[in-house]
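Taking it in order: structure first as structure tokens, then the write-up.
Chain identifiers are assigned alphabetically (A, B, ...) following the order of the sequence lines, protein sequences preceding nucleic acid strands; residue numbering begins at 1 within each chain. All values below were derived from every heavy atom in this structure, side-chain atoms included, with hydrogens, water molecules and symmetry-related copies excluded.
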Amino acid sequence: MDELAIEVKDLVKSFGKERVLDRLHLSIPKGIVYGLLGPNGAGKTTTVRILSTLLKPDGGHVKILGYDTEKHASEVRKRISLTGQYASVDEDLTGLENLVMLARLLGYPKKQAKERARELLEAFRLEDAAKRLVKNYSGGMRRRIDIAASIIVAPEILFLDEPTTGLDPESRNEVWEVIRAFVKGGTTVILTTQYLEEADQLADRIAVINRGKLIAEGTSNELKDSVGLSRLHITIVSEKDLNEAKKILEQKLTIEVQIEGMTLSAQVNNPSLVASALGELANRQIEITDFSLGRPTLDEAFLNLTSDSIGGVEG
Amino acid sequence: MSHEMDHTRLQRVISGVKRPENPSMLQATLAFSSRALIKIKHVPEQMFDVTVFPIIFLMMFTYLFGGALSGSATEYLQYLLPGILVMTVIQITMYTGTELNNDIRKGIFDRFKTLPIWLPSTLVGSLLVDVIRYSIAMTIMISLGFILGFRPDGGVVGVSLAVVTILVFSFCFSWIWTTLGILMRSEKSIMMASMMVIFPLTFISNVFVDPETLPGWLQVRSDKSDLFTDYGCSRINARNSNLTRSYLSNGSCSHSFHHLCTTYNVLI
């Protein structure tokens with residue numbers, strides 16, 4: 001049995017002359033939060049729209065839970081749900097009316113549709129707003145009703161296109177909690193975001209997309225490591241130990257070490273070796289006044305990755 | 001409220017949910033109809049154009065043109081009412097088109113597209129509610145007409161046939177705006193387009209004046225269009241003088257209905 005939730009091969013899509021997706025590859029395992037991270041215009045929304053059968057690709061193929069999106073669109077639609085970037089509920093209806101309407105469109109008889117709608121409103125803490133028009137909802141409530149509408153029939157895969165864009169931090173945290181709860185319940189969540197922090201906090205794996213191409217893929221830690229930006233700084237007490245310290249570090253970490261005043265610094269590719277290097281310094285009675293191992297933030301990693309790919313295209 | 005509690009509740013609502021059978025065409029259509037009805041409930045003002053406007057139009061034209069064109073308002077009303085009935089209803093046929101355009105632009109149509117439904121039900125549902133709108137407008141106008149002195153020769157049967165003819169024709173006609181709703185950029189442009197078509201065509205048809213009095217080049221046009229056949233035929237029905245023409249017109253309506261349905265399916 002295919003254990004991948006989503007398999008994307010050589011995906012190509014152009015709008016007019018502009019190539020939005022350029023041979024995109026993705027393999028997304030089941031049961032995780034998968035983040036599609038990229039700057040505006042990277043092709044995230046287009047990818048999600050193709051994966052959720054709303055757009056047809058120009059080339060390549062997409063398999064969702066083993067079903068081809070073009071040949072078996074209706075099988076795919078039974079198993080997925082999409083919360084788009086824009087309104088996916090009717091603003092001129094109340095929260096309750098929206099959920100009842102969508103439940104009926106999913107095939108619930110009238111009575112069960114109402115029951116299901118109430119159940120969802122309660123779970124999303126929207127009971128009090130049930131009879132208010134959605135256009136009068138706050139940003140956070142709006143997002144919650146959008147998501148509630150997407151899970152009337154619990155999907156196996158839930159697509160969320162920039163679910164927290166424009167939300168205040170509190171509402172954003174609420175949405176994050178909702179997403180975490182879903183994944184615990186076994187849903188695979190595909191999330192697009194331009195916020196690194198969001199990807200870092202939520203996503204088990206992240207695909208960094210730029211200009212329609214996959215430029216990096218992995219856990220957020222792997223991405224940070226792949227940039228190799230971790231930097232070690234050690235300041236020692238006595239000048240006579242400088243050379244010995246340098247030798248120890250170079251030996252233990254197998255990297256080149258620079259000396260600046262009393263500070264030794266180096267780019268660390270394998271941060272786990274640092275501990276033993278420090279131990280060795282202590283063994284040799286070399287006293288340290290300051291020490292830091294700078295882990296690159298996902299921001300740094302992201303900037304590094306995207307600027308590389310831009311350089312690659314233009315240079 | 002603790003996050004732990006939220007988690008359990010959220011997990012409960014997504015676990016153990018059995019997927020119901022896909023809705024039938026009728027169920028889906030009815031769900032969209034009730035959506036349109038709920039919107040009327042929330043924004044009753046939108047019913048002005050099927051309640052207040054018809055009254056204004058009928059009163060205004062009857063008393064404005066009546067004396068000049070037919071010698072008396074009551075006399076002119078006999079000629080005007082069937083025509084203005086068609087005109088008023090035709091003017092509200094773009095409703096569903098603009099709504100559809102809204103749905104597509106705002107994004108909710110994307111959600112409908114991922115539902116396991118017969119997709120045209122999104123339109124058929126709201127077009128059926130449009131039929132209710134048309135009926136309200138016509139009921140109001142015919143009642144007001146009677147009060148003002150309209151006495152159709154066709155009697156109850158003739159008037160009913162006229163009403164049915166207009167309903168069928170308008171239902172067909174609204175597919176034009178629905179098609180434009182898919183193609184055009186904003187609801188405003190649909191409004192503009194429909195105004196540009198409906199206004200001149202209404203005034204050069206036989207709604208207000210007998211085409212005999214028009215210059216030759218204008219008369220030719222009024223023979224060739226469905227719109228004019230319908231204007232003519234509702235009048236004829238009301239006066240019960242030539243029923244066959246009305247069936248002819250129905251035939252051509254369903255023809256254009258088929259045509260537009262096909263166009264719609266191809267587009268979607």
Side-chain angles (χ1 to χ4, degrees), chain A residues 49 52-54 73-74 76-94 97-98 100-110 112-113 116 119-120 122-125 133 146 148-155 158-159 173-174 177-178 180-182 184-187, chain B residues 1-46 99 102-119 121-122 125-126 268:
Chain A
R49 288 176 62 87
S52 54
T53 73
L54 287 174
S74 65
V76 172
R77 283 176 190 165
K78 273 186 199 166
R79 292 165 174 80
I80 62 161
S81 193
L82 164 72
T83 302
Q85 224 174 103
Y86 305 102
S88 49
V89 293
D90 192 330
E91 292 187 320
D92 298 325
L93 264 52
T94 67
E97 286 161 354
N98 262 302
V100 171
M101 172 184 77
L102 289 168
R104 288 181 64 192
L105 289 174
L106 284 159
Y108 282 96
K110 211 167 181 179
Q112 276 99 311
R116 180 69 181 149
E119 206 173 86
L120 284 164
E122 196 194 327
F124 283 85
R125 291 189 283 117
L133 294 184
D146 273 348
S150 306
I151 59 151
I152 294 171
V153 172
L158 176 64
F159 293 97
N173 285 339
E174 279 174 2
E177 284 311 315
V178 168
R180 289 190 181 117
F182 286 167
K184 264 197 206 165
T187 313
Chain B
M1 197 166 299
S2 84
H3 283 150
E4 283 314 305
M5 234 179 96
D6 272 7
H7 269 211
T8 358
R9 275 206 294 191
L10 286 168
Q11 276 170 40
R12 210 174 46 226
V13 289
I14 59 165
S15 57
V17 180
K18 261 207 298 195
R19 186 177 192 95
E21 291 279 307
N22 289 352
S24 66
M25 275 157 76
L26 183 68
Q27 276 173 311
T29 306
L30 288 179
F32 282 109
S33 293
S34 65
R35 172 179 180 228
L37 287 174
I38 291 171
K39 284 192 176 191
I40 296 178
K41 193 184 84 189
H42 288 311
V43 193
E45 305 92 277
Q46 61 166 291
E99 283 287 303
N102 237 330
D103 285 351
I104 292 176
R105 269 185 313 116
K106 286 195 172 166
I108 191 175
F109 203 73
D110 279 352
R111 186 181 299 279
F112 295 152
K113 272 163 82 178
T114 57
L115 292 172
I117 52 170
W118 178 61
L119 208 48
S121 62
T122 50
S126 50
I268 288 285

Note: vs chain B, highest number of non-hydrogen pairs under 4.5 angstrom among A:Pro155, A:Ala149, A:Ala148, A:Ser81 is A:Ala149

Next on the checklist: Donor-acceptor check, side chain of B:Arg19 to backbone of A:Lys78, threshold 3.5 angstrom: yes or no?
Outcome noted: yes

Review point. Yes or no on side-chain contact (heavy atoms from CB on, under 4.5 Å) for A:Leu158 and A:Ser150, after CA distance, side-chain angles and deciding distance?
Key: CA-CA 8 Å; A:Leu158 176 64; A:Ser150 306; 3.7 Å; yes

Honestly, the part of A:Arg180 sitting under 4.5 Å from a heavy atom of chain B is both

One option among A:Val76, A:Asn98, A:Asp90, A:Leu133 has the most heavy-atom pairs under 4.5 Å with chain B, and it is A:Asp90

Among residues 23-30 of chain B, residues within the sub-4.5 Å heavy-atom range of chain A, in order of number, are B:Pro23, B:Ala28, B:Leu30

- Query: Quick one: do B:Lys41 and A:Glu97 make a salt bridge, cutoff under 4.0 Å?
  - Reply: yes

Cut-off 4.5 Å, heavy atoms of chain A, and the answer for B:Thr114 is both

Comparing A:Thr187, A:Thr53, A:Val100, A:Leu102 against chain B, the one with the most heavy-atom pairs below 4.5 Å turns out to be A:Leu102

Inset, instruction - Mark yes when over 12 heavy atoms from residues, nucleotides or ligands other than B:Gln46 sit less than 6.0 Å from its CD; otherwise mark no. - result: yes

Whatever's closer than 4.5 Å to a heavy atom in chain B on A:Gln112 counts as neither

Tightest non-hydrogen contact, residues B:Lys113 and B:Leu119, listed as CG-CD2, 3.9 Å

Minimal heavy-atom distance between B:Phe32 and B:Gly125, with the atoms involved, is CB-CA, 4.0 Å

Practice prompt. Run the salt-bridge test on A:Asp92 and B:Lys106 with the 4.0 Å N-O cut-off and return the result as yes or no.
Written response: no

Check your understanding: For the side chain of A:Arg104 and the backbone of A:Ala113, is there at least one donor-acceptor N/O pair under 3.5 Å apart?
Key -> no

pair B:Ile117-B:Asn22: side-chain heavy atoms closer than 4.5 Å: no

